[in-house]
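What you are looking at is a predicted structure, and each value in this text was computed from that prediction instead of being measured.
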Amino acid sequence: MHDELGSPPHRQERTDHGLFGPGSVTWRVMGEPVLIVGGIRALLLQGLHPRSMWGTAQNSELMDPSAAWARLGRTVEFVRVRTYGTEEEVERVGRRVRKLHSKLTGLDMRTGETFPVDDPENLLWVHLGEVDSYLDVARRAGVPLTAADADAFVDEQRRAAAVVGLDPADVPASVAEMEEYYAEMRRRIWACREAREGLRRMFNPAVPRHLLPLKLAAPALGTLVVATLPRWARRMYGLPGLPTSDLAATLTLKGLYRTSHVVPERFRYSPDAKRARELTRLHEAELATWSIAS
C-alpha cells in the first residue's frame with residue numbers, strides 16, 4: 001500500500017493506489033511493452049502442471065479456438081486491474097474470480113480423481129508462473145533491476161497472490177525461495193496432451209479478423225516465447241533446451257526493449273502505465289524534497 005511503500009512521514013493523507021503504488025518495483029516493471037512476452041511465457045509454464053492445465057481446459061474456453069481470444073482478453077483485464085486498480089476495484093475482481101473458481105472442479109486424467117480448481121497447489125503454480133515469467137523477461141531484456149529489486153518484486157507479488165485466495169505467508173517472498181519452489185516442483189510436473197496442444201496453437205492462433213497481423217507475427221513471437229522458457233521446461237515440451245537458444249532469446253529481448261524506448265513515452269505505454277509512471281515521478285520528487293528538508 002502507499003504508506004508501506006515509503007511515503008514521507010509528514011504526509012497524512014492517503015491515496016488509494018491499490019496493491020502497489022508509487023515506489024513499488026511492480027509499477028516500474030509491469031508497464032514495459034516487452035513484458036507481453038512474459039505474459040505468454042507464463043501460459044506455457046503454467047501449462048506444465050497437469051492438474052492446473054486440466055482444470056483450465058475442462059472449465060474454460062481455452063481449448064475453443066473461436067472463444068479463446070475473448071478469454072485471453074479477460075485475463076489481461078484482470079492483470080491490469082490487479083496491477084493498477086484501486087483497492088475496491090481489485091477486491092471486486094478478486095471476489096469474482098474466487099467465487100468462480102470455488103465452484104469449479106477438474107478431472108485428473110491419470111487417476112480419474114476429481115479435484116477443486118482452487119486447490120492451493122494449483123493457485124500457487126499459476127501465480128508463480130506469472131511472477132517468474134515477468135521477472136525473467138524484464139531482467140533479460142535489460143529493465144534496470146538490482147538483485148534487491150528482483151526480490152522486492154517477488155515479495156510484492158504476494159499481495160497479488162492473496163487476490164486469488166492464497167495465504168501470502170505460503171507464497172515465496174524472494175527469488176531464492178521461488179527457485180527452491182521450482183526445483184521441488186520439477187519432479188512432479190510434465191507436459192500433458194492439452195499443454196502440448198496449447199503450444200502448437202500458439203504458432204497458429206485463431207484471432208479476430210481485425211487482429212489478423214498478430215496471426216502473421218505468431219510464428220516469430222512463438223519461437224521467441226518458447227526460447228525464453230527454462231531449459232527444463234522446453235525439454236518437457238519435447239523441444240531442445242540449448243544454451244544457444246537462451247542467448248538468442250536474451251539478445252532478442254534486449255533488442256525489443258531498446259527499440260521500444262525509441263518510441264515516445266506517450267505512445268509507448270498504456271494509459272495505466274503512463275499514469276503509474278507520472279505518479280512514481282511525483283513520489284520520487286516528494287521523497288527528494290522531504291530528504292533535503294530533513
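If you chain together hydrophobic residues whose side chains sit under 4.5 Å apart, Ile36 and Leu135 fall into the same group. By the criterion of side-chain heavy atoms lying less than 4.5 angstrom apart, applied directly or through intervening Ile, Leu, Val, Met, Phe, Trp or Tyr residues, Leu229 is grouped together with Met185 in one hydrophobic cluster.
In this structure, Asp16 contributes its side chain and Glu87 its backbone to a donor-acceptor pair below 3.5 Å. Without hydrogens or angle criteria, Asp155 side chain to Ala152 main chain gives no donor-acceptor distance under 3.5 Å. A donor-acceptor pair under 3.5 Å is formed between the side chain of Arg234 and the backbone N or O of Ala227. In this structure, the side chain of Ser133 does not engage the main chain of Glu130 through any donor-acceptor pair within 3.5 Å. The backbone N or O of Arg266 lies less than 3.5 Å from a partner atom in the side chain of Lys274, making a donor-acceptor pair. With hydrogens and angles ignored, the 3.5 Å screen pairs a side-chain donor or acceptor of Arg140 with a backbone N or O of Thr228. Not one N or O on the side chain of Arg98 forms a donor-acceptor pair closer than 3.5 Å with the backbone of Gly165. Counting only distance, with no hydrogens or angles, the side chain of Asn59 and the backbone of Gly55 share a donor-acceptor pair below 3.5 Å.
Taking the six-membered ring for Trp and thresholds of 30 and 60 degrees, Trp190 and Trp54 have ring planes more than 60 degrees apart, a perpendicular arrangement.
Rounding to the nearest 0.5 Å places CG of Leu19 at 8.5 Å from CD of Gln157. Interatomic distance, Thr26 OG1 to Arg159 CZ, rounded to the nearest 0.5 Å: 7.0 Å. The distance from atom OG1 of Thr114 to atom CG of Leu107, rounded to the nearest 0.5 Å, is 5.5 Å. Within the model, atoms OG of Ser260 and CD of Glu32 stand 6.0 Å from one another, a figure rounded to the nearest 0.5 Å.
For the 3.5 Å distance criterion, the side chains of Tyr84 and Glu89 fail to qualify, holding no donor opposite an acceptor. Side chain to side chain, Glu121 and His49 meet the donor-acceptor criterion of an N or O pair below 3.5 Å. Looking at Ser52 and Gln46, their side chains never bring a donor and an acceptor atom within 3.5 Å of each other.
Residues Tyr182 and Trp125 bring their aromatic ring centres within 6.0 Å.
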